[in-house]
Amino acid sequence: MDSAPDTPDVGIPPRLARRMSMPEQYDYLRTRLIRRRTLVTAGALAGGGLLTGCSTRTGTANPATGKVPGSAVTPFGRHLAFGADPKTQMRISWQVPFAVRKPYVRVGPTPGNLSRRIDAELRPLHTPGLTGIRLDLDQYYVHAALDGLRPGTTYYYGVGHEGFDPATRAHQPTLATFRTAPATAPASFVFTAFGDQGVTPDALANDRVLLGRNPAFHLHAGDICYADGTGHGEKSDGFDPNAWDLFLKQTETVAKSVPWMVTTGNHDMEAWYSPNGYGGQSARWSLPDNGFDARSTPGAYSFTYGNVGVVALDANDVSYEIPANLGHSDGRQTAWLDRRLTELRASDAVDFVVVFFHHCTYSTSTHASDGGVRDAWLPLFEKHQVDLVINGHNHVYERTDALRGGRVGRRVPVGGSTDPTRDGTVYVTAGGAGQSLYAFPYGVKDSFEGKIADRESVESYYWTKSQERHEDTVEWSRVRYTGYSFLSVEATAGVPGTAPRLTVSALAQSGERIDHFEVRRTQRAALGDLPSVPRPQ
């Protein structure tokens, strides 16, 4: 312990800590530490005086010097992510309010047998003084890489550091579990998805309904926290890094046991960190590092779970609407996408390919569609017959028919079915995770299960390279819903006589189903199977 022998313990009693919010814990620690004459500064004030858990730089002693005993520091904000191989790799991340010594993870088959101990990495993140925030801020994130795990196995784990052992009786209530992917494709499994979450009561309510689906993993299509409230990717944006403390505490209810696979939205371009404003994302998240460049573009990676190959992309690289990072990969991300889709389609183990990213390929709500996404990636989605594309950005639920070349290849009403080898790809906007909701312009009404209001066409637009809106009349907007919602996808393996399928459902915050359809593959993809259809310019 770091405290002097004649100094009383300043830790929070475990029973009390479990009942306290993070701001309350910080206030408690601050009071106790002042009494023992340790120079600890309070975090930046937010929300009318609530402490948000960041240390500050004021010229006095910093908690990073080791003046705070490890027993006084309680980890929070645990979140999981797969490594490149979900069968054998898991990444465990969390946050601590002050710097700690020798962080680690304990893992084992039962709560009483956490015999394996893995050292963890502390990643400090410094935010310089910003307009509206008086003091510089330091935050501390911790990451552990678990490799060599057994496929299809449930593990118990606890996070700790010098002075805080999760295996002790006092801290055993902090233990959680995770499960690795099975060695062979299961008969069926569920994964969930949404974008545009933030820190709101509706975000927390969505998480609770989502957890009830028992997903194998969750896809977050960007605009994760909204610490950057402007979303232009510029240093003039409004920014409050303390929002991340609240977000990770909120999300821990699910992400401590469900791998939370995120990618990068425009509100996640935090220009105070480099490169490309992604230093904050690299500090807070440990994601698969098998993309084309994990250092410069952490939101581009892929993994395979069961019979589904998943590809995450950073759409800031190609967005015409918000061009702060337009072209930052110099085409390398698109070239990698082509190679990765080729590999997935060549794999006998993969039936379905799902791609997710932030900006919308096809949507008619507030931000509409991004022509940059279409120009860069639509030809590859069609070339490789991607089965499902999931976006956020627009804070609604909207789903297209099956599309080929920007035109309807097959109408897919609520409850309908489509075959990508014949009909094309379905695009889903699932941006109703918790942030303030949008509407559909031009007087367009909702149209969802139980409230069908089909229209032959809808007036919309898409963003052009010159950052102008190109007005467009579209026929592909099949399902629309302006409430909070998320996507739930059940993947089923094929058996003799039955094609593999994705059963895609959209669920409202209440748990009510607002849309469902099936994607069935009757044959394995071969490049060039779909005839070329010119896209509208």
Side-chain angles (χ1 to χ4, degrees), residues 14 17-22 25 53 73-83 86 89-97 100 103-111 114 116-118 120-123 139-146 149 153-161 164-168 170-181 190-194 197-199 203-220 224-225 244-262 283-288 305 433-434 486:
R18 290 195 293 272
R19 298 199 304 266
M20 297 171 72
S21 67
M22 288 311 302
Q25 289 188 39
V73 180
T74 302
F76 71 100
R78 292 165 294 175
H79 49 288
L80 304 176
F82 291 131
Q89 297 178 322
M90 189 67 72
R91 306 298 181 242
I92 301 176
S93 306
W94 65 98
Q95 189 174 353
V96 286
V100 295
Y104 61 89
V105 167
R106 287 193 183 275
V107 62
T110 67
L114 302 177
R116 185 176 175 187
R117 176 169 166 158
I118 298 94
E121 172 195 3
L122 182 69
R123 299 180 191 169
Q139 292 165 301
Y140 302 95
Y141 301 96
V142 192
H143 303 268
L146 277 61
L149 301 172
T153 302
T154 296
Y155 288 90
Y156 287 81
Y157 76 92
V159 302
H161 50 262
F164 185 100
D165 187 348
T168 62
H171 297 311
Q172 274 206 339
T174 67
L175 300 183
T177 64
F178 65 82
R179 186 169 180 83
T180 53
V190 170
F191 68 89
T192 52
F194 60 45
Q197 190 174 16
V199 183
L204 183 59
N206 242 10
D207 281 355
R208 288 170 176 163
V209 179
L210 183 155
L211 187 59
R213 301 296 293 173
N214 192 29
F217 57 88
H218 176 71
L219 306 180
H220 195 311
I224 303 168
C225 168
W244 280 104
D245 302 353
L246 302 177
F247 175 82
L248 291 175
K249 183 67 175 178
Q250 167 190 276
T251 307
E252 186 175 21
T253 57
V254 184
K256 67 181 180 182
S257 57
V258 177
W260 207 254
M261 311 303 294
V262 306
R284 299 180 181 104
W285 305 90
S286 282
L287 300 165
Y305 189 105
F486 66 93

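Heavy atoms only: backbone and side chains are in, while hydrogens, waters and symmetry mates are out. Please read these numbers as outputs of a predicted model, since none were measured by experiment.
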To the closest 0.5 Å, what do you measure between [atom1] ([X]) and [atom2] ([Y])?
{"X": "Leu211", "Y": "Asn206", "atom1": "CG", "atom2": "CG", "value": "12.0 Å"}
{"X": "Met90", "Y": "Phe82", "atom1": "CE", "atom2": "CZ", "value": "5.0 Å"}
{"X": "Thr153", "Y": "Arg179", "atom1": "OG1", "atom2": "CZ", "value": "6.5 Å"}
{"X": "Ser93", "Y": "Leu248", "atom1": "OG", "atom2": "CG", "value": "9.0 Å"}
{"X": "Arg208", "Y": "Thr253", "atom1": "CZ", "atom2": "OG1", "value": "7.0 Å"}
{"X": "Arg91", "Y": "Leu146", "atom1": "CZ", "atom2": "CG", "value": "7.5 Å"}

Given side chains that start at C-beta, do those of [X] and [Y] come closer than 4.5 Å, heavy atoms only?
{"X": "Leu80", "Y": "Ile92", "result": "yes"}
{"X": "Pro166", "Y": "Val159", "result": "no"}
{"X": "Pro288", "Y": "Met261", "result": "yes"}
{"X": "Val100", "Y": "Phe164", "result": "no"}
{"X": "Val142", "Y": "Tyr140", "result": "no"}
{"X": "Thr74", "Y": "Thr174", "result": "no"}

Between [X] and [Y], does the ring centroid distance fall short of 6.0 Å?
{"X": "Tyr305", "Y": "Phe217", "result": "yes"}
{"X": "His218", "Y": "Phe486", "result": "no"}
{"X": "His161", "Y": "Tyr104", "result": "no"}

Side chain to side chain contact (heavy atoms under 4.5 Å, CB included) between Cys225 and Gln250, worked out: CA-CA 10 Å; Cys225 168; Gln250 167 190 276; over 6 Å; no

Working note: Trp94 + Lys256, criterion side chain to side chain contact (heavy atoms under 4.5 Å, CB included); need CA distance, chi angles, decisive distance, verdict. CA-CA 9 Å; Trp94 65 98; Lys256 67 181 180 182; over 6 Å; no

For the residue pair Asp207 and Gln197, confirm or rule out a side-chain donor-acceptor distance under 3.5 Å. yes

What I want to check is whether the side chains of Tyr141 and Arg284 have a donor and an acceptor closer together than 3.5 Å. yes

Suppose we screen for ring pair (Phe, Tyr, Trp, His ring centres under 6.0 Å). Which residues come up paired with Phe178, at least two apart in sequence or across chains? Tyr155, Tyr157

Non-hydrogen atoms of [X] and [Y] that approach each other most closely:
{"X": "Ser286", "Y": "Ala81", "result": "O-CB, 3.2 Å"}
{"X": "Leu175", "Y": "Gly158", "result": "CD2-CA, 3.6 Å"}
{"X": "Gly198", "Y": "Phe247", "result": "O-CD1, 3.7 Å"}
{"X": "Tyr156", "Y": "Leu114", "result": "O-CD2, 3.6 Å"}

Decide side chain to side chain contact (heavy atoms under 4.5 Å, CB included) for Asn214 and Val190; before the verdict, give the C-alpha distance in whole Å, the side-chain angles of both, and the deciding distance to 0.1 Å. CA-CA 7 Å; Asn214 192 29; Val190 170; over 6 Å; no

Side chain to side chain donor-acceptor pair (under 3.5 Å) with Asp165: which of Arg106, Gln172, His171?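 Testing Asp165 for a side chain to side chain donor-acceptor pair (under 3.5 Å) against Arg106, Gln172, His171 leaves exactly one candidate, Arg106.
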
Hey, mind stepping through Trp285 and His79 against side chain to side chain contact (heavy atoms under 4.5 Å, CB included) and telling me if it holds? CA-CA 8 Å; Trp285 305 90; His79 49 288; 3.3 Å; yes

Determine yes or no for a side-chain-to-main-chain donor-acceptor pair under 3.5 angstrom, with Gln89 supplying the side chain and Thr180 the backbone. no

